[in-house]
Amino acid sequence: MAKILVSSCLLGCTVRYNGSDVAVNSKDFNWLVYSQEIVSFCPEVSAGLPIPRVPAEICGGSGTEVLAGTARVIGSDREDLTDQFILGADLAPRLCRDKDIKFAVLTENSPSCGSNFIYDGSFSGVKKKGVGIVAARLRESGVLVFSQHTVGSLGGLIEISRSI
């Protein structure tokens, strides 16, 4: 049984900016939840942001650029939330190290957790290719990151990692 870091909102926790969760109706995701050791994590809540909170998007790049200091996380109210989002991102690899976690399943499109897509910073619902801050930080630390849409690829890797 592998330990997997999973975004809390994917597990039914109402921690998203608007106090909701993200329903996942997937055989692969259900297999993961019921057969592996799941460690729930919400970077925004862990960093002290409230529920509900204003929507936030990365402006000027993606999570990699936020970590490099060349992009910012801005709320729809124009407040700069970069420091809080970086704090949440910094907590994730520590948790993974402490619990010996090698895999994460994070919420796609999130400025924290997006692993393939994030919103473009215009608050118009437009998505672009890119990674969130937590996904970028976890990848830097060697954790393999998946979304709720790509979790099917994880099963085989769990089996391979057991035999190593």
Side-chain angles (χ1 to χ4, degrees), residues 1-13 15-17 21-47 49 56-73 81-82 84-121 127-164:
M1 182 179 315
K3 291 181 191 173
I4 315 289
L5 185 75
V6 178
S7 293
S8 299
C9 62
L10 296 176
L11 297 169
C13 299
V15 295
R16 292 184 70 225
Y17 72 94
D21 65 354
V22 176
V24 181
N25 298 311
S26 153
K27 180 179 78 172
D28 291 325
F29 187 79
N30 290 338
W31 170 84
L32 183 83
V33 168
Y34 293 110
S35 68
Q36 304 304 308
E37 185 177 338
I38 303 302
V39 177
S40 177
F41 179 72
C42 176
E44 292 95 343
V45 172
S46 295
L49 290 171
E57 296 186 9
I58 297 173
C59 297
S62 70
T64 305
E65 287 79 24
V66 172
L67 294 172
T70 60
R72 310 296 294 167
V73 181
L81 301 169
T82 304
Q84 293 95 321
F85 274 74
I86 289 174
L87 173 59
D90 288 342
L91 294 171
R94 286 186 220 158
L95 178 61
C96 289
R97 258 190 318 275
D98 291 347
K99 296 196 175 281
D100 194 30
I101 296 171
K102 306 283 188 246
F103 307 106
V105 178
L106 305 178
T107 308
E108 196 64 90
N109 307 318
S110 159
S112 288
C113 296
S115 58
N116 296 295
F117 294 95
I118 57 173
Y119 288 98
D120 73 353
K127 297 172 193 169
K128 67 177 185 178
K129 207 146 179 47
V131 297
I133 303 161
V134 172
R137 187 64 93 203
L138 286 173
R139 285 178 175 160
E140 284 176 357
S141 70
V143 174
L144 296 177
V145 178
F146 301 84
S147 77
Q148 72 269 33
H149 307 297
T150 62
V151 69
S153 306
L154 181 53
L157 289 175
I158 290 171
E159 293 304 316
I160 290 169
S161 71
R162 283 186 196 159
S163 63
I164 295 176

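One-based numbering along the sequence shown.
- The structure places CG of Asn109 at 9.5 Å from CG of Asn116, a figure rounded to the nearest 0.5 Å.
- Taking SG from Cys96 and CD1 from Ile4, the interatomic distance works out to 10.0 Å, rounded to the nearest 0.5 Å.
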Only distances under 3.5 Å count here; give the side-chain donor-acceptor pairs of residues 140-151 to other protein atoms, sequence neighbours excluded, each with its distance to 0.1 Å.
residue	atom	partner	partner atom	Å
Glu140	OE1	Arg137	NH1	2.9
Ser141	OG	Leu138	O	2.8
Ser147	OG	His149	N	2.9
Ser147	OG	Thr150	N	3.3
Gln148	OE1	Glu108	N	2.9
Thr150	OG1	Ser147	N	2.9

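- Rounded to the nearest 0.5 Å, atoms CG (Leu5) and CD1 (Ile101) are 5.0 Å apart.
- Between atom CD of residue Glu57 and atom CZ of residue Arg72 there is a gap of 16.0 Å, rounded to the nearest 0.5 Å.
- Panel note: side chain Ser26, backbone Phe29; a donor-acceptor pair is recorded below 3.5 Å.
- A pairwise comparison of heavy atoms in Val6 and Leu11 identifies CG1-CG, 3.7 Å as the closest pair.
- Closest of all the heavy-atom pairs between Pro111 and Ile58 is O-CD1, 3.5 Å.
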Determine whether Ile133 and Thr82 satisfy the following criterion, side-chain contact (heavy atoms from CB on, under 4.5 Å), listing intermediate values before the conclusion. CA-CA 10 Å; Ile133 303 161; Thr82 304; over 6 Å; no

Acceptor/donor pairs from residues 37-47 side chains to any protein atom, 3.5 angstrom cut, sequence neighbours excluded:
residue	atom	partner	partner atom	Å
Ser40	OG	Ser8	OG	2.6
Glu44	OE2	Ser112	OG	2.9
Ser46	OG	Cys42	O	2.8

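- Within a 6.0 Å sphere centred on NZ of Lys99, heavy atoms belonging to other residues, nucleotides or ligands number 12 at most.
- Here NZ of Lys102 is found 14.0 Å from CG of Leu154. Values are rounded to the nearest 0.5 Å.
- For the side chain to side chain contact (heavy atoms under 4.5 Å, CB included) test, residues two or more places apart in sequence or in another chain that qualify with Arg16 are Cys9, Asn18, Ser20, Val22.
- Judged by distance alone, with hydrogens and angles left aside, the side-chain atoms of Gln36 form a donor-acceptor pair with the main-chain N or O of Ala2 at under 3.5 Å.
- Taking the ring centre of Phe117 as origin, the terminal cationic atom of Lys129 falls inside the region bounded by 6.0 Å and 45° from the ring axis.
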Please determine whether side-chain contact (heavy atoms from CB on, under 4.5 Å) holds for the pair Ser115 and Leu106, giving the CA-CA distance in whole Å, both sets of side-chain angles, and the decisive distance to 0.1 Å. CA-CA 7 Å; Ser115 58; Leu106 305 178; 5.6 Å; no

